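Working notes, beginning with the structure itself.
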Number of protein chains: 2
Amino acid sequence: MSSLSVPPPRCLQKPLTVPHRHMFGPGPSNVPPRILQAGANPVIGHMHPEIFQIMSDIRSGIQYLFQTHNPMTFAVSGTGHTAMECAIFNAVEAGDGVLVAVNGIWGERAAEVAERIGARVNTIAAPPGGCFTNTEIEQALSKHRPVLFFLAHGESSTGVLHPLDGIGPLCHKYDCLFLLDSVASVGGAPVCMDQQGIDIMYTGSQKVLNAPPGTAPISFSERACQKIFNRRTKPVSFFLDLSWLANYWGCDDKPSRMYHHTAPVSAFYALREGLAVLAEEGLESSWERHRKVAEYFHAGLERMGLKLFVPDKTARLPTVTTILAPQGYDWKEITAYVMKSHNLEISGGLGPTVGMVLRVGLMGGNSSQAKVDMVLAALRDALAHCHRSKV
Amino acid sequence: MSSLSVPPPRCLQKPLTVPHRHMFGPGPSNVPPRILQAGANPVIGHMHPEIFQIMSDIRSGIQYLFQTHNPMTFAVSGTGHTAMECAIFNAVEAGDGVLVAVNGIWGERAAEVAERIGARVNTIAAPPGGCFTNTEIEQALSKHRPVLFFLAHGESSTGVLHPLDGIGPLCHKYDCLFLLDSVASVGGAPVCMDQQGIDIMYTGSQKVLNAPPGTAPISFSERACQKIFNRRTKPVSFFLDLSWLANYWGCDDKPSRMYHHTAPVSAFYALREGLAVLAEEGLESSWERHRKVAEYFHAGLERMGLKLFVPDKTARLPTVTTILAPQGYDWKEITAYVMKSHNLEISGGLGPTVGMVLRVGLMGGNSSQAKVDMVLAALRDALAHCHRSKV
């Protein structure tokens with residue numbers, strides 16, 4: 001007879017079942033069987049030489065994906081949010097000024113992350129769907145003199161791909177580091193970290209890379225490292241402390257590696273495979289494919305009478321498309337209908353775009369004409385069958 | 001012709017290969033095929049109803065594993081270190097007093113985590129391999145009046161299983177929360193969170209649960225929640241903020257869930273399967289099996305003339321055994337030999353035990369007489385073939 005006060009839960013007696021589904025939301029994206037199976041390789045130790053080789057391969061893959069020679073390039077053991085905190089926790093000390101460009105949810109979150117560690121945060125704001133001019137950015141840099149400027153390259157909540165040209169040099173003119181969130185964009189839209197003067201950049205594994213969520217590529221420029229390794233105080237997080245992570249990933253020149261944390265090795269296997277898929281196709285082909293597929297998709301939507309949320313064609317994110325919620329319909333009924341009738345995920349808005357848009361993500365292997373046709377057919381069907389709401 | 005400055009890395013052209021290996025270090029442990037395959041299920045969205053069901057199953061499984069009725073029970077999207085930071089970041093504000101019991105690396109790390117967020121940290125110290133008496137703990141509680149007391153239940157760096165009886169009530173007598181690191185112990189040694197008055201407890205997925213590393217079960221008592229939800233300041237981390245995580249995991253009574261972060265759903269699948277395996281065997285059977293196998297192992301080691309590092313038999317961790325580094329040998333040669341000749345991982349010391357011990361972990365499915373026999377044979381072989389060092 002058991003003396004335990006909590007019995008074994010009956011729900012765990014049922015076998016795990018997970019449906020197959022077309023993942024056309026803003027991420028995670030469908031994970032190809034090849035990448036799923038890579039993740040199912042046996043778990044070995046986080047300090048075994050084979051893992052160090054895999055980590056080294058991952059670093060090379062990220063340097064290619066980001067187009068950077070930064071030695072300080074690796075993957076955070078966590079999600080995109082962890083990477084955002086890793087960037088800000090290391091680059092910013094309490095009392096430092098941070099300038100955040102807010103034109104969607106990611107700017108809001110970056111501002112919150114910086115505020116929590118005691119940074120003096122200033123923001124510039126653009127309406128959802130809008131961008132910032134370099135003049136606006138320069139005025140704010142000159143006024144606030146921040147140590148760090150945050151911008152989302154792909155604002156997945158609004159569908160905006162922000163132009164990058166000239167922003168890096170502007171930041172450096174004002175002795176400021178340029179932090180770019182490229183979670184939704186990198187691999188699917190051109191960005192060259194070194195050439196464009198980006199000091200810190202991160203992404204997530206589950207977008208264009210088509211790996212499961214749980215690891216987050218990140219890179220720091222020499223300029224960023226200079227600031228970080230001359231801090232007066234330690235970063236608030238031991239787990240995300242760059243000096244530990246640098247050693248753990250073999251990015252420093254110390255002869256041996258110290259145990260820092262137990263890395264999610266299965267997620268590293270899958271991330272390596274996602275990077276290998278991208279390297280096989282080639283970065284420029286991937287950019288070109290995402291651009292063409294997005295144009296084909298956008299034309300199809302307009303032919304159906306749907307309107308895109310981002311007016312400026314050149315500022316449309318090729319990976320995540322925002323569609324104005326069709327007038328006279330309840331957007332929730334549409335997303336529910338395509339899920340139920342077509343086993344297909346598209347989503348509503350997020351943060352400032354809730355209720356305003358539908359969001360469709362076509363990333364990595366999902367960026368193809370065939371998948372576009374599938375989404376268009378599902379939307380056409382939804383518009384024909386969903387109730388016109390009284391709202 | 002490409003205009004990219006970083007070419008696709010050649011290392012990624014080689015297919016990923018991962019060796020099979022007996023994982024008898026202090027973790028990660030071998031992951032059974034059943035759990036690996038659970039993790040290879042298709043990735044679906046972090047806000048799909050099926051994931052909410054899986055998360056609910058995980059919560060029930062953790063409540064069983066921890067023997068707790070706490071509604072505030074879930075898994076952190078990260079490793080054991082992330083869970084340690086989640087506990088301390090939420091329970092402690094800058095200026096709060098924290099008391100840390102240091103008898104190995106985990107106490108050292110908890111002290112460092114608390115110091116980084118501006119806590120006033122006091123420690124009590126015991127030599128590696130030693131424990132604390134309740135009198136020592138009470139004296140320190142009474143002197144320092146901390147808001148939180150940290151103790152490692154299973155000190156995997158030293159092989160100590162710390163007694164728990166009476167510590168929870170002592171903490172509460174001094175209006176202090178009791179935080180227990182049960183990473184290396186839970187599931188393999190008795191611990192009942194509610195009954196023993198533990199306010200915050202966490203573990204990792206990769207120990208007794210035999211899932212890949214990357215998720216970390218955690219639970220907070222009502223008393224802990226009272227303190228946390230009446231903080232004057234926000235926790236330093238948005239990603240680990242309990243109020244967000246509580247909603248995300250359906251632990252609060254809000255009608256709907258807000259997007260917080262993109263959960264590592266593949267790791268959740270595997271964690272659920274690990275919890276299901278444990279529930280099938282039953283917690284008490286698992287405790288009993290780990291106890292018996294450890295005793296069998298320890299007897300075998302002593303028959304070989306090897307000495308256990310922890311003198312007090314009752315304070316030996318059944319999951320991770322520390323063996324005094326055999327005199328006259330170079331411990332590194334021994335671990336390298338068994339890896340090379342037997343494809344078997346055992347490790348050296350960690351933190352305060354580096355150079356002093358060998359560590360052997362037999363956790364979850366690896367806790368069996370057959371695996372013990374395999375380790376004993378490998379060690380016997382190593383002692384016969386390794387050079388006696390001149391040190």
Side-chain angles (χ1 to χ4, degrees), chain A residues 2 4-6 8-9 11-12 16 18-21 25 28 31 36-45 50 57 60-61 63-64 67 77-82 85 112-113 116-117 206 212-214 234 236-239 259 261-262 264 266-267 269 272-273 275-276 279 282-284 345 350, chain B residues 2 4-6 8-9 11-12 16 18-21 25 28 31 36-45 50 57 60-61 63-64 67 77-82 85 112-113 116-117 206 212-214 234 236-239 259 261-262 264 266-267 269 272-273 275-276 279 282-284 345 350:
Chain A
S2 173
L4 300 181
S5 68
V6 181
C11 58
L12 289 178
L16 175 70
V18 180
H20 283 262
R21 184 162 288 159
V31 179
L36 286 175
Q37 281 311 312
N41 269 288
V43 166
I44 60 170
E50 295 87 354
D57 294 350
S60 300
Q63 287 171 328
Y64 175 61
Q67 287 296 297
S77 300
T79 70
H81 275 91
T82 320
E85 293 202 333
E112 165 143 19
V113 166
R116 283 175 183 245
I117 58 166
Q206 78 281 10
K234 284 184 183 178
V236 289
S237 169
F238 168 82
F239 178 64
Y259 166 67
H261 68 282
T262 301
S266 308
Y269 303 156
R272 183 195 184 281
E273 199 69 14
L275 289 164
L283 196 49
E284 286 165 310
E345 179 192 49
L350 178 67
Chain B
S2 173
L4 300 180
S5 68
V6 181
C11 58
L12 289 178
L16 174 71
V18 181
H20 283 263
R21 184 164 286 161
V31 179
L36 286 175
Q37 281 310 313
N41 269 289
V43 167
I44 60 171
E50 295 87 354
D57 295 350
S60 300
Q63 286 171 329
Y64 175 62
Q67 286 297 297
S77 299
T79 70
H81 275 91
T82 320
E85 292 202 334
E112 165 144 20
V113 166
R116 283 176 183 244
I117 59 166
Q206 78 280 11
K234 284 184 182 177
V236 289
S237 169
F238 169 82
F239 179 64
Y259 167 68
H261 68 281
T262 301
S266 309
Y269 303 155
R272 183 196 183 279
E273 199 69 15
L275 289 163
L283 196 49
E284 286 166 310
E345 180 193 49
L350 178 68

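Given the structure is predicted, the values throughout are model-derived calculations rather than measurements. We name chains A, B, ... by the order of the sequence lines, and we start the count at 1 in each one.
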Does any non-hydrogen side-chain atom of [Y] lie less than 4.5 Å from one of [X]?
{"X": "Pro42(B)", "Y": "Val31(A)", "answer": "no"}
{"X": "Leu4(A)", "Y": "Glu284(B)", "answer": "yes"}
{"X": "Val113(A)", "Y": "Phe239(B)", "answer": "no"}
{"X": "Glu85(A)", "Y": "Ser237(B)", "answer": "yes"}

Against chain B, label Ser266(A) side chain, backbone, both or neither, depending on which of its atoms sit under 4.5 Å from a heavy atom there.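 For Ser266(A), the side chain is the part near chain B, not the backbone.
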Grab the two heavy atoms, one from [X] and one from [Y], that are nearest each other, plus how far apart they are.
{"X": "Val236(B)", "Y": "Ile117(A)", "value": "O-CG2, 4.0 Å"}
{"X": "His81(B)", "Y": "Tyr259(A)", "value": "CE1-OH, 3.5 Å"}
{"X": "Tyr64(A)", "Y": "Pro9(B)", "value": "CB-CD, 3.7 Å"}
{"X": "Gly45(A)", "Y": "Glu345(B)", "value": "CA-OE2, 4.4 Å"}
{"X": "Thr262(A)", "Y": "Pro28(B)", "value": "CG2-CD, 4.0 Å"}

Spacing of [X] atom [atom1] and [Y] atom [atom2] [to the nearest 0.5 Å]:
{"X": "Thr82(B)", "Y": "His261(A)", "atom1": "OG1", "atom2": "NE2", "value": "7.5 Å"}
{"X": "Leu12(B)", "Y": "Arg272(A)", "atom1": "CG", "atom2": "CZ", "value": "5.5 Å"}
{"X": "Gln37(B)", "Y": "Leu36(A)", "atom1": "CD", "atom2": "CG", "value": "9.5 Å"}

Does any heavy atom of chain A fall under 4.5 Å from the side chain of [X], the backbone, both, or neither of them?
{"X": "Gln67(B)", "answer": "both"}
{"X": "Ala38(B)", "answer": "both"}
{"X": "Ser60(B)", "answer": "both"}

Mind ranking Gly39(A), Pro212(A), Ala267(A), Gly78(A) by heavy-atom pairs under 4.5 Å with chain B and telling me who comes out on top?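 With the most close heavy-atom pairs to chain B, the winner is Pro212(A).
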side-chain contact (heavy atoms from CB on, under 4.5 Å) between Gln206(B) and Val43(A), intermediate numbers included: CA-CA 9 Å; Gln206(B) 78 280 11; Val43(A) 166; over 6 Å; no
For a side-chain contact (heavy atoms from CB on, under 4.5 Å) check, start with the C-alpha distance between Glu273(A) and Leu16(B), then their side-chain angles and the critical distance, and finish with the verdict. CA-CA 7 Å; Glu273(A) 199 69 14; Leu16(B) 174 71; 4.0 Å; yes
